[in-house]
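The block underneath contains the structure these notes are about, expressed in structure tokens.
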Amino acid sequence: MVFYRSVSLLSKLRSRGVQQPGLRNSVRWLQVQTSSDTDLHYQLKELIPEQQERLKKLKSEYGKVQLGNITIDMVLGGMRGMTGLLWETSLLDPEEGIRFRGLSIPECQKLLPAAKPGENRCLKVPTKEQVDSLSKELRNRATVPDHVYKAIDALPITAHPMTQFATGVMALQVQSEFQKAYEKGIHKSKYWEPTYEDSLSLIAQLPIVASYVYRRIYKNGQVIPMHDSLDYGGNFAHMLGFDNPAMQELMRLYVTIHSDHEGGNVSAHTGHLVASALSDPYLSFAAALNGLAGPLHGLANQEVLLWIKSVVEECGENVSKEHLKEYVWKTLNSGKVVPGFGHGVLRKTDPRYSCQREFALKHLPDDPLFKLVSNLYEVVPPILLELGKVKNPWPNVDAHSGVLLNHYGLTEARYYTVLFGVSRSIGICAQLIWDRALGLPLERPKSVTMEWLENYCKKVA
């Protein structure tokens, strides 16, 4: 499975897991390094030269090919629509949603074999030995030094969960293998190896740090240790305090669909940008978390649930569609947005929303908030289209996730972005390994002033 196409498969992996428990087998196996045919480090080492040559050929033969024109709107509009970043692990299709190494989520569900009948689908079904070795590897790496907890404890308990989580990640940085290797003069051709070590360790440690933050804030600091028999997603749910098999299944689904969404989003781009300065995975991912914490990015899933609860508070759980339309218009007329709808790239319903809806129809079809979300799916898009200002009026991944978590008892909406952060580590760290393996350079785009733009436009007008 060679880190499937090395770390790139981390992406595929997630897509496969979009239905139920398969992520436990998939993501685990993706990150382990054991012996011979199951040694991911060895297989990645075999694959990298081929991909390095591929990059060299692309640059030498097509380096001067233009990918498109840059307009003033792009420069002033957050670089939307501007192609300027290499991201191997996934690609976002405006019409079909995220593609993991060429496969959309529905295609992965359809084409990839299931680990067991009715379970999540796996890209290549790992053997029991591979699964066991991955589980062992993650458990071996999943130890967090005491100073990390002390760093978190130094913060007020009222600090936002993302602040505490990012602080914990920064405290983990003192163990960085990349930093140690760089200070010893490691050759740049070997940069990817300590990056690989840091990335696997970070992915393994994050659920422990994240669950510590949750238990510290909401459960009087009563920490729950890992369970040796559980997988990555199941253990995360367990350490948070949820042992319901359905909640553990949901956590696998959640980690899977939030793990990667190409490289242009704030958290992924931030991680790549900071890492391009040869900052190690801990520093890079901590920076990514700070971007994820923003209301226009990862904080959105928190905002969705709070908004839905405000609907219930004012209109009741059994609100009619007509009354719901009035509340949506009230939200929009107050200068606010309806959270959970629209996307910077997508132009159709987010397939990550669709697979969560599939989960809800299976496990909680009568949940009042799920019914409300279903009604919003019918009510909101026509209203947004009527406004004429929204290119994509359809629900995104955030429109559903909070309702599912709330159903199983994880009701603390302020914490939801931490779950997103744990998940996103898989995609970001996977790409960081590729960044170092391919020798990608320091990112340094050109900036200009409004005066420069005005003068340039006058010249070419």
Side-chain angles (χ1 to χ4, degrees), residues 10 13-14 16-17 19-34 38 115-116 118-120 122 126-146 148-149 152 161 164-165 168-169 172 199-259 359 363 404-405 407-412 415-416 418-423 425-426 429:
L10 276 174
L13 230 179
R14 319 150 186 161
R16 14 164 141 160
Q19 283 182 308
Q20 289 154 239
L23 182 65
R24 64 175 75 176
N25 296 345
S26 309
V27 169
R28 304 161 156 177
W29 193 74
L30 260 176
Q31 302 165 99
V32 73
Q33 66 177 37
T34 54
T38 61
K116 293 181 181 179
E119 284 197 352
N120 267 355
C122 300
T127 65
K128 184 177 185 304
E129 291 73 24
Q130 291 166 339
V131 171
D132 290 345
S133 64
L134 173 56
S135 297
K136 181 179 179 181
E137 175 71 10
L138 285 179
R139 283 195 294 270
N140 289 342
R141 290 178 181 266
T143 57
V144 175
D146 287 341
V148 175
Y149 303 121
I152 296 172
Q164 299 190 41
F165 186 41
V169 172
L172 285 170
S199 296
L200 262 65
S201 294
L202 177 59
I203 290 170
Q205 293 167 321
L206 286 177
I208 299 176
V209 176
S211 60
Y212 181 82
V213 170
Y214 178 78
R215 303 295 297 183
R216 177 179 187 252
I217 298 174
Y218 303 110
K219 303 299 178 182
N220 298 315
Q222 298 175 350
V223 177
I224 300 173
M226 287 182 60
H227 197 296
D228 285 346
S229 67
L230 291 174
D231 57 273
Y232 189 86
N235 240 322
F236 188 18
H238 166 72
M239 289 187 290
L240 290 171
F242 302 95
D243 288 319
N244 183 330
M247 177 58 169
Q248 293 180 358
E249 179 179 329
L250 173 61
M251 190 60 70
R252 297 179 188 110
L253 169 63
Y254 189 99
V255 171
T256 299
I257 63 176
H258 287 82
S259 58
F359 179 94
H363 294 284
L404 298 180
L405 295 166
H407 176 83
Y408 289 108
L410 210 170
T411 59
E412 299 86 0
Y415 182 79
Y416 289 175
V418 176
L419 303 177
F420 197 161
V422 173
S423 309
S425 69
I426 297 173
C429 288

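Position 1 is the first residue of the sequence; numbering continues from there.
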If you compare all heavy atoms of Tyr232 against all heavy atoms of Ala204, which two are closest, and at what distance to 0.1 Å?
CE1-CA, 4.3 Å
Any idea which heavy atoms bring Leu202 and Cys429 closest together, and the distance?
CD2-SG, 3.8 Å
Validation row: His363, His407 side chains within 4.5 angstrom (heavy atoms):
no
Could you tell me which residues satisfy ring-ring contact (aromatic ring centres under 6.0 Å, His included) with Tyr415, sequence neighbours excluded, listed by chain and number?
Tyr214
Does Leu410 reach the side chain of Tyr218, with side-chain heavy atoms less than 4.5 Å apart?
no
Please state whether the rings of Tyr254 and His258 are parallel, tilted or perpendicular, taking 30° and 60° as the class boundaries.
parallel
Donor-acceptor contacts under 3.5 Å from residues 239-248 side chains, at least two apart:
residue	atom	partner	partner atom	Å
Asp243	OD1	His238	ND1	2.7
Asn244	OD1	Ala246	N	2.8

Minimum heavy-atom distance Ile208-Thr143, with the two atoms named:
CD1-N, 4.3 Å
Approximate separation, where rounding is to 0.5 Å, of Glu249 CD and Phe359 CZ
5.0 Å
Measure the spacing between CZ of Phe420 and CD1 of Ile257 and express it to the nearest 0.5 Å.
9.5 Å
In Å and rounded to the nearest 0.5 Å, what is the CG to CZ distance from Leu419 to Phe165?
9.0 Å
How far apart are the closest heavy atoms of Gly233 and Arg252, and which atoms are they?
CA-CG, 4.2 Å
For residues Val209 and Val144, report the shortest heavy-atom separation together with the two atoms involved.
CG2-CG2, 4.1 Å
Which atom of Ile426 lies closest to which atom of Ser259, heavy atoms considered
CB-CB, 4.1 Å
Quick one: side chain to side chain donor-acceptor pair (under 3.5 Å) partners of Ser211, sequence neighbours excluded?
none
Non-hydrogen side-chain atoms of Pro161 and Ile217 separated by less than 4.5 Å:
yes
Salt bridge (charged side-chain N to carboxylate O under 4.0 Å, His left out) against Arg216, all qualifying residues, sequence neighbours excluded
Asp153
Short side-chain to backbone donor-acceptor contact, Arg139 and Asp228, under 3.5 Å:
yes
